Structures are given as structure tokens and as C-alpha cells.
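Here's the structure, in C-alpha cells; my notes come after.
These figures come from a predicted structure and were not determined experimentally.
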Amino acid sequence: MLLHSTYMSPAVVACAAVVLMSLVPSTLAWPGYSRREEPTLGQTTDSYIRSITMPGVTPKKADEYLCTATPLNRTTEEWVVRFDPMASANRAHHMLLFGCSEVDHDRLKAGYWDCGHHGVCAGGRIMYAWAKNAPPTALPDQVGFRVGGRTGINYLTMQIHYAQPLEDGVKDMSGLKMEVTQHRQRYKAGIYLLAAGNIIIPPNTLKTHADMNCEPGMTGEPVDINIFAYRVHAHVLGTVISGYHYSPETKVLKLLAKGNPQWPQAFYPTPTQRVQPNDILHARCTWNSTGRNRYTNIGSTSADEMCNLYLMYYTDRDLGSESGGCWQELFPELTRHLPQDSDTPLPPNPLLEEHAHGENRHKETAFTYNNVNDGMIELEKKAQSRKDPQPGNSRYSGSPSSGGVGEYEDAWSYLSPQQQQQQQQQQQLGSSLPKDTSIPTLAESPRMGKKLKGSAFKVVDGWGVGALEGGFGQVTAVSLDSAGDVVIFHRGERSWDGSTFRGNRLRDPKLPITRPAILHMAKDTGRILHKWGENFYFVPHGLTVDKKDNIWVTDVGLHQVFKFPAGYGNGTPLITLGTRFEPGSDTTHFCKPTAVAILPSGEFFVSDGYCNSRVLKYDADGKLLFQFGKPTGTGLRISSPPPSSFFIPHALTLVSEEKDNPNEVCVADRENGRVQCFTVDQGKFTRQFHFTGWGSRLFSVAYTPARGGRLFTVNGPPLVGSQKLMTFEVDYSSGELLGGFSPNNQGLSNPHDLAVSIDGSEVYVVEIGPNKVWKFQLESALRSHPPLVNISKLNPVKELKLDTKVHAQESSRVAPAALVSPTTWWPGSLWVVVVVGLLAVPIVVLTTFTILIRARRTGRLRLRNLHNGSGMGLGRGRGGKHENGLTLGSLLNSRRGFEQVATEDLDHDAPDSGDSDVEEFSQVASRA
């Protein structure tokens with residue numbers, strides 16, 4: 001057991017908070033800690049007050065996230081040394097303060113905005129957090145949060161989560177006062193956050209854990225940090241959150257923090273601990289779901305759960321980082337050696353629990369912390385000693401870590417602990433890279449969203465419905481063959497969830513998917529043409545059909561990439577890359593590879609993937625040429641990530657400015673919510689696409705050269721807040737977001753991949769829950785007539801006969817050596833009928849005009865204007881009665897004339913009528 005005898009235990013610290021807040025005079029010093037003097041705010045000689053408050057908002061629904069911002073002086077540097085919240089738990093669930101580089105002008109002008117849907121700000125970092133009536137926070141002497149001036153922090157943005165709506169007429173002005181000085185502090189303050197991703201908490205379970213551990217140096221901390229305070233945050237199921245500091249140098253594990261998230265969520269003091277970049281910080285969250293009869297996910301609403309450990313620190317004013325974070329478990333061995341009491345709750349404290357709810361009556365008394373310690377912190381002599389948690393001779397083992405946190409389809413990325421090894425391999429391969437002749441362009445700035453235009457794409461109702469008996473499994477990928485038919489990849493009876501993997505290794509490698517995982521579907525109806533791949537795959541993910549109809553797939557359970565011949569051959573791969581069931585990051589291993597893109601030359605790219613943040617290029621025989629990419633920092637994802645970094649490279653597509661000559665490969669950078677493009681010759685960054693309307697997560701990307709080059713993307717469900725899920729269309733050359741579409745504009749549920757036809761008229765989207773395949777088609781394609789055919793190739797037809805032999809062969813066909821074009825299924829006689837019908841049209845028209853002209857000359861037909869004056873009608877005379885002789889109206893029926901006809905042309909933005917122009921006028925005729 002770890003001993004806490006050298007400093008006050010967290011339980012004592014927390015209990016003392018009650019005394020400090022309500023039972024003793026505010027002049028009483030905190031036991032064992034020195035204090036910053038607490039005069040009336042703003043009355044010291046060198047400090048003043050900055051306030052930020054909500055401008056009288058009235059949240060109308062539960063779990064609203066609202067933000068407001070205030071600009072800072074860009075010429076004068078300021079230091080925030082104290083935070084004084086002006087909020088109560090009976091109204092504000094929690095409050096966060098961000099320092100931001102940019103805030104949208106329209107949002108700033110409006111006074112506040114919905115930041116649950118539209119994001120917080122650009123270039124931001126957390127400075128302060130509050131919940132459950134926590135008291136104010138005063139930083140140690142010589143320490144402050146640096147803002148304004150040339151710091152890049154040009155705005156302060158406050159986010160408040162309102163768990164419940166307010167009544168009409170009730171306006172909330174919760175906010176924050178800050179003591180600020182222009183006196184330059186010796187050290188700058190920062191926040192390091194350890195947080196869990198999509199953990200699933202089972203019902204009626206006494207203890208469920210989430211563990212995160214990282215080296216601060218791996219996540220952006222270049223120098224030592226000195227931790228002096230902590231704050232825990234969870235929702236109603238959270239019982240205890242513990243934090244630890246491990247030093248590989250001394251082999252000592254020390255308790256850093258332990259808090260009850262049901263108590264006031266303040267920044268509680270902890271004895272200052274110096275943490276070096278290669279030390280390890282660990283957090284464990286424990287939930288108790290006893291009495292809850294449903295599964296609980298990590299999420300933003302009060303019905304979800306959270307797991308956050310905030311560590312406040314000071315560091316070098318010039319060299320240190322002001323923010324950092326850890327979202328993954330890189331050292332599972334350390335998790336296995338945590339003390340047994342790591343998940344033991346603190347003793348009950350009814351006074352603290354009562355104070356955490358209702359109105360905040362103790363806003364005047366601040367927590368303060370010990371003075372800055374200039375010397376090295378001595379290690380605890382009685383602390384428990386542990387072995388170095390990393391196995392093997394070096395700090396990094398040859399394969400990724402495998403731990404207790406279940407990483408699954410919609411979880412955060414778990415970065416590989418071999419990223420240094422990746423960089424070394426990249427440097428070794430760099431000398432053999434070909435010369436890159438492409439001229440790079442600057443990355444586009446993230447565009448603020450505007451009202452999204454409608455789209456000309458409409459869903460094709462009923463396509464593929466009921467095609468597969470028993471239904472699809474999770475449909476993960478879709479691609480088109482050379483004939484335009486559809487090939488999808490699905491998981492059959494298997495689902496990827498929290499129980500599928502143990503760390504990065506498949507939990508049960510003995511049970512492949514028994515159903516055929518690859519389905520070949522007809523583009524016109526969606527019926528199944530062929531089924532392939534039974535008893536072979538474990539966790540299907542990516543699929544691509546190349547120009548020669550070879551089929552390329554990735555399996556994240558096998559950690560492998562396969563190439564199969566056209567028609568799938570006998571099921572034996574032509575190329576196999578990766579080591580079966582073995583995750584890794586060297587040249588012979590993948591770790592959950594996601595997608596493949598194939599050049600006409602046969603060279604190909606692989607995105608790798610969920611644990612490795614890289615893209616690799618191979619020659620046609622599967623020899624590695626080079627790789628590129630690095631992990632995006634794992635801090636708070638509110639800043640713009642740098643180019644060439646990935647947070648799950650999830651899908652690939654090739655871009656050709658010249659026909660059949662791709663010059664760029666574009667990557668769907670999933671958790672960064674963007675598309676990045678690179679040269680195919682060297683993997684050099686060229687451009688990125690990033691739109692607010694996409695939200696925070698982007699799952700797939702596809703390209704068509706049609707209409708000057710278009711990108712199509714699908715976004716995914718956000719981890720915080722909500723976002724409409726759609727397919728988006730982007731002009732590749734101009735970078736303009738052209739519009740978005742979804743089934744009947746109702747949104748998608750969980751899209752995972754998409755494909756677009758070469759002519760850009762058809763888009764297919766697949767989902768992993770519900771498990772569906774959607775076909776969308778341009779309205780112009782839906783209304784178009786059948787194409788004319790070459791008459792010289794047709795034989796004379798004596799009579800129409802159905803070619804029953806062709807249909808019999810079609811129903812009993814066996815997978816050929818190549819994918820079959822649907823045009824071979826048309827009997828020649830059917831083409832003849834179509835052509836004869838087309839040839840008859842001009843004869844009928846000519847005959848009709850001859851009759852009309854003759855009738856008009858004899859006076860038996862009169863012409864009149866329509867009531868709207870927009871056209872000519874055929875019908876009754878001036879007297880309103882039928883005249884003798886020929887009238888077209890009398891040929892139709894006995895009613896008097898035509899009803900008024902809409903003459904406006906249909907355009908792409910018009911509502912979907914479901915009818916073509918021909919059908920519309922046919923309906924008018926039937927009513928006349």
C-alpha cells in the first residue's frame with residue numbers, strides 16, 4: 001500500500017474544505033499551506049478585475065452547452081492569478097474557461113452561442129474548471145495563467161453546461177471574476193487533463209474502471225511540470241477518481257490525487273510534485289452502476305458519464321507548455337500494479353455532499369496553495385517501489401501495449417507507444433524517396449459554417465432492401481467495380497464493441513465470421529450477385545476495388561491487409577501484409593489498419609490506423625517504399641492540429657487532376673474532423689479541408705473527377721453534443737462546401753464509409769448501426785431518358801421474345817474470374833424494341849402537327865392564352881361552349897379545357913417531387 005504519512009491525505013484535504021468554506025473565519029490559514037493574501041478583489045496595488053458572465057441567457061432544453069467570450073488586449077500581456085466563480089450548482093452543471101486564439105466574429109457579436117453543436121473556439125486550451133459549488137481558486141505566489149499580448153491567447157471563452165432548462169423569463173448571468181495583473185510572474189500555470197473516451201459501463205456493476213496513463217513528454221510537455229492542485233469530474237455514477245505519479249528513474253509510485261466527484265469539484269491542493277517529461281502520470285476512474293438497469297456511455301449529457309482528472313501545474317515561463325492531456329492507456333503493466341485501494345471511495349461526508357448541490361452560499365472563500373518550491377521534490381522514502389512497467393530491454397517494446405481499456409469503433413484513438421520507432425523508420429526510408437515535383441499549397445484555414453445548401457442527390461428508395469437473408473451485419477466499407485456494381489464489406493454476426501479487444505489484441509482469435517463478409521450487388525436493384533469470404537475474417541474494416549477489379553481489404557482483428565483477384569478467385573490472397581493477430585508498428589506489422597488506395601501502376605497506400613498514426617506506400621509487389629504521418633497531440637481537441645498529423649487515419653481516396661494519373665492521396669483524419677491531402681510521390685502535405693458543418697469527426701472521403709473534381713465525405717457522431725450526420729459535397733479545386741444530403745434530409749445514424757461513381761451521378765453510403773446501404777442519385781440522372789444506341793449494331797426484329805436462357809443463367813451463375821458487367825444481361829431483342837419505339841416518336845409528332853394545321857385552316861380549332869399568360873392552350877372557343885368540328889379538348893374528355901400547368905423548370909434546389917417532367921404533364925392530362 002502507498003503511505004500518505006508525508007502529507008495530508010485527500011480525505012483530510014477535502015474535509016478541511018468544509019471547514020474553510022463555512023465553519024471557520026476566512027482569516028484562518030490552511031493547515032500546512034501558505035496563502036496568497038485575500039484582500040477585496042481588485043484592491044491590491046497591481047491587480048484588477050476581469051469578469052466574464054452570461055448575457056442573460058435562458059436555456060430552453062436539458063443539457064445545453066452555451067458559450068460567451070470576451071476579447072483581450074493584444075498589445076499588453078496579462079496574468080490571471082485568481083478565479084472567483086459566480087455560479088450555483090442548482091443552475092449550472094459545470095463551467096469551463098478556455099483561452100482561445102480566435103473566436104468567430106458573428107458569435108462574439110451575438111453575445112453567446114450554442115457551443116455544444118458549433119464548437120468552442122480555435123486554438124484553445126483549458127484554464128479553469130468549476131462544478132458543484134466549488135470555492136474560488138487563488139494560485140501560488142509567482143504563478144499565473146498568461147494571456148493577451150503576444151501569447152496567442154486573444155480571447156477568454158466561458159462554457160457553461162446547463163443540465164436543465166430554465167423557466168420562461170428567468171435569465172442566467174452566471175460567470176467568473178478573475179484577479180488579473182500585468183506584473184510578470186516567475187512561472188506560468190497550465191492544466192494537464194487525463195480523461196477517458198467511450199467506456200461502456202454495464203448495468204448493476206459495483207465497480208467499473210477506466211485507466212489512462214502517459215508520459216507528459218509524449219503528449220507535448222517539453223520540460224518539467226510542478227503539479228500543485230487537482231480537480232476530479234464525473235457524473236452521478238462516479239465514486240472515486242485517483243491519480244498517480246510514477247518515476248522510472250526511482251521506480252517509485254506516488255499518490256497524486258484522490259477525490260470524490262460527488263463533492264464540490266474544486267481544485268484541491270496537493271503537495272507540489274515535480275514531474276519530468278519521461279515520468280508517467282496515471283488516472284483511474286471508478287463507477288458504481290448498482291441500481292441502474294441500462295448501459296451507460298461516456299458523453300456530454302447528464303444521462304451519460306465522464307471521467308476527468310485535471311492537474312494544475314506551474315512550469316518554465318518561456319519553455320514550458322501551458323496545456324497537455326492523456327486519453328489512452330500506454331502502460332498497462334502500471335495499471336496492474338496500482339494499489340488495492342485505488343478504487344476505494346473516500347469516507348462519506350454528508351456536509352460536503354450537501355454543499356455540492358443547490359445554491360452556492362460560500363463564494364467568498366478561496367482555496368490557496370503552497371509556495372513555489374525551487375528545489376527538487378524529495379521522493380517519499382516509504383512509498384511503494386515498483387518495477388519499470390515497460391517490459392523488454394528498451395523503454396518501448398516491440399508491440400503495442402494491451403490493456404484493460406476496451407478500444408472500439410467509436411472510441412478515442414489509442415496512440416502506439418512505438419511512435420519514436422516510426423519516426424526513425426521514416427528517416428531511414430527518407431533517403432530513398434523519389435523527387436517530389438509537385439508544388440505544395442498552404443493548408444486552408446478552418447472555415448466557419450454557413451447555412452448548408454440543399455443537394456441534388458436523392459435517396460433511391462428500396463435499393464438493396466431485403467437483398468440479404470437475415471440482413472447485413474455492421475457494414476464497414478463500400479466500393480464500386482469497373483462496371484459500376486457495388487461491393488460491400490460487413491461483419492456478419494460479429495459487432496465491434498468493448499468486449500472485442502483486450503487492448504489491441506483480439507480477445508477471441510479462434511472464431512472467424514461464418515457468414516460471407518463480401519457481397520457483390522447489382523447497381524440497378526441492389527440484389528446480391530455474389531457472396532465471398534466466409535470463415536476467413538474476424539473484424540472487417542476497409543475494402544477497395546481497383547481498376548482491374550482486384551479486391552483489397554483490411555481486417556483490424558487480424559491486423560492484416562489482403563489483395564484478392566477479380567471475382568475473388570479461390571479465396572487465396574495474392575498479397576498478404578502484416579502479421580496475423582499481432583499488432584505492431586514496424587515494417588512487418590500493422591495495428592488495426594483501416595483502408596487501402598491503389599494507383600493505376602499497382603502501387604498502393606495503406607492507412608494504419610487506430611493505434612498507429614501513419615500512411616504507408618508500397619510497390620505493386622507489396623514492398624514498402626515509404627511512410628508518413630505522426631500522432632496528433634492528445635491534449636484537449638479544441639486547437640487546430642498540425643498538418644501531417646493524424647488522429648485515426650480512417651479512409652483514403654486518390655485525386656487525379658489528369659485522367660488516370662492520380663497526383664494526390666487524401667486521408668479522412670477521423671478524430672481531427674478533417675481531410676488532408678498529400679503528394680503520391682513523396683507523401684508531402686498539400687492541402688486540407690475542414691468545415692464547421694462537418695463537426696468534430698469525419699469518417700470517410702471519396703473523389704470523382706466529374707464536374708471539375710468533387711470530394712464526398714461523411715461525418716460521424718460527436719463525442720460531445722450532437723451533430724446532424726450527412727454526406728457532404730466539396731468542390732476540390734475551390735475548396736467550397738457545396739451542400740449536404742441524407743435520406744429524405746432526416747440525417748444518417750452511424751455512417752462509416754462511402755463511394756462515388758466515376759461520373760459523379762451515384763453515391764453509396766454504408767452504416768454500422770443500423771446496418772444499412774444507401775444509394776443516392778442525382779436528380780438529373782433520375783429524370784434522364786435511356787441513352788441512344790448505335791442502330792447499326794442492331795439486328796431486325798420480327799417479334800418480341802423474352803430470352804429465358806439468359807435469366808436462367810443469371811440466377812444460377814457461379815463467381816467468374818472477373819466481375820461481370822450488367823450490360824451483358826440485356827437481351828439484344830430488348831434493345832431493338834427500345835430503338836423502334838424511339839424511331840416511332842417523330843412519325844407520331846409529324847402526324848399530329850399535320851392534323852392540327854389542317855384543323856386550324858378549316859376553323860375547327862382555336863388557340864387561346866392560358867390564364868397566367870405563360871403559354872398556349874388548346875380547347876374551347878370564346879363563348880365558352882364547344883364549337884362544331886375538331887377540338888383537342890373534346891378528344892380528351894368532356895370537361896372544359898385544361899387545368900393550369902406549372903411551367904417553371906425544375907432545379908436542383910427544388911423539393912423532391914418524386915416525379916419526372918414527363919410524369920408531371922401526364923398527370924395534368926389525366927385530370928383534364
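The ring pair (Phe, Tyr, Trp, His ring centres under 6.0 Å) search around Tyr310 returns none, not counting sequence neighbours. For Glu249, there are no side chain to side chain donor-acceptor pair (under 3.5 Å) partners two or more places apart in sequence or in a different chain.
The side-chain heavy atoms of Ser101 and Ile153, taken from C-beta on, include no pair separated by under 4.5 Å. Side chains of Trp79 and Leu139 form no contact here, defined as non-hydrogen atoms less than 4.5 Å apart. Using a 4.5 Å heavy-atom cutoff, the side chains of Arg150 and Glu77 are not in contact. A 4.5 Å side-chain heavy-atom check between Cys214 and Gln328 finds at least one atom pair inside the cut-off. Using a 4.5 Å heavy-atom cutoff, the side chains of Leu156 and Phe98 are not in contact. By the 4.5 Å heavy-atom criterion applied to side chains, Gln159 and Tyr65 are counted as neighbours. Taking the side chain as every heavy atom from C-beta outward, Leu193 and Trp327 approach each other to under 4.5 Å. Looking only at side-chain heavy atoms (C-beta outward), Thr315 and Asp224 stay at 4.5 Å or farther from each other.
Exactly one of Lys630, Arg674, Arg697 qualifies for a salt bridge (charged side-chain N to carboxylate O under 4.0 Å, His left out) with Asp669. That residue is Arg674.
Using the six-membered ring where Trp is involved, Phe678 and Phe646 have ring planes that are perpendicular, over 60° apart on the 30 and 60° scheme. Note on ring orientation: taking the six-membered ring where Trp is involved, the planes of Tyr128 and Phe267 are tilted (angle from 30° to 60°). Using bins of under 30°, 30° to 60° and over 60° for the plane-to-plane angle, the ring pair His282/Tyr244 lands in the perpendicular bin. Ring-plane geometry between Tyr314 and Tyr187 is classed as tilted, the angle between the planes lying from 30 to 60 degrees on a 0 to 90 degree scale.
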Do Cys115 and Cys67 pass the disulfide (SG to SG under 2.5 Å) test, and can you show the C-alpha distance, the side-chain angles, and the key distance before you say yes or no?
CA-CA 6 Å; Cys115 50; Cys67 283; 2.2 Å; yes

Would Trp287 and Thr296 count as a side chain to side chain contact (heavy atoms under 4.5 Å, CB included) if you check the C-alpha gap in whole Å, the side-chain angles of each, and the deciding distance to 0.1 Å?
CA-CA 10 Å; Trp287 297 280; Thr296 305; over 6 Å; no

Apply side chain to side chain contact (heavy atoms under 4.5 Å, CB included) to residues Leu309 and Val232 and explain how you reach the verdict.
CA-CA 5 Å; Leu309 174 62; Val232 301; 3.9 Å; yes

Applying side chain to side chain contact (heavy atoms under 4.5 Å, CB included), run through Phe685 and Phe628 and close with a yes or a no.
CA-CA 10 Å; Phe685 174 79; Phe628 58 91; over 6 Å; no

Applying side chain to side chain contact (heavy atoms under 4.5 Å, CB included) to Asn297 and Ile200, what does each step give before you reach the verdict?
CA-CA 5 Å; Asn297 298 314; Ile200 296 179; 3.6 Å; yes

Ser342 and Ser242: CA distance, side-chain angles, deciding distance, side-chain hydrogen bond (donor to acceptor under 3.5 Å, both in side chains) verdict:
CA-CA 6 Å; Ser342 62; Ser242 304; 5.9 Å; no

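One finds the CG atom of Leu253 at 6.5 Å from the CG atom of Leu338 (value rounded to the nearest 0.5 Å). Atom CG of Asp211 sits about 5.5 Å away from atom CD of Glu329, to the nearest 0.5 Å. In this structure, OG1 in Thr70 is found 10.5 Å from CE in Met158, a value given to the nearest 0.5 Å. Separation of atoms CD (Gln142) and CZ (Arg317) is listed at 10.5 Å; rounding is to 0.5 Å. His650 contributes atom NE2, which lies 13.5 Å from atom CG of Asn672 (distance to the nearest 0.5 angstrom). If you take CG on Asn612 and CZ on Arg614, they are separated by 4.5 Å, rounding to the nearest 0.5 Å.
Residues Leu194 and Leu281 approach most closely at CD2-O, 3.7 Å, considering heavy atoms. For the residue pair Pro649 and Gly609, the shortest heavy atom distance occurs at CD-O, 3.3 Å. A pairwise comparison of heavy atoms in Pro248 and Asp279 identifies CD-OD1, 3.5 Å as the closest pair. Here the closest non-hydrogen pair linking Arg125 and Phe145 is NH1-CD2, 4.1 Å. Nearest heavy atom pair, residue Thr270 against residue Leu256, reads OG1-O, 3.1 Å. Here the closest heavy-atom approach between residue Asp341 and residue Lys258 is recorded as O-NZ, 2.7 Å.
Listed for the Glu305 side chain is a donor-acceptor partner under 3.5 Å among the backbone atoms of Leu237. Using modelled atom types, one side-chain atom of Ser645 and one backbone atom of Pro642 make a donor-acceptor pair closer than 3.5 Å. Here the side chain of Asp608 pairs a donor or acceptor atom with the backbone of Cys591 at under 3.5 angstrom. Proximity of a side-chain donor or acceptor of Asn260 to a complementary backbone N or O of Leu346 within less than 3.5 Å is not detected. The backbone N or O of Ile201 sits nowhere less than 3.5 Å from a side-chain atom of Thr208 that would complete a donor-acceptor pair. Using modelled atom types, no side-chain atom of Gln723 and backbone atom of Gly716 make a donor-acceptor pair closer than 3.5 Å. In this structure, Tyr192 contributes its side chain and Glu322 its backbone to no donor-acceptor pair below 3.5 Å.
Taken together, the cysteine pair Cys307 and Cys285 places its SG atoms within less than 2.5 Å of each other.
Counting only N and O atoms by type, the side chains of Thr151 and Arg146 include no donor and acceptor under 3.5 Å apart.
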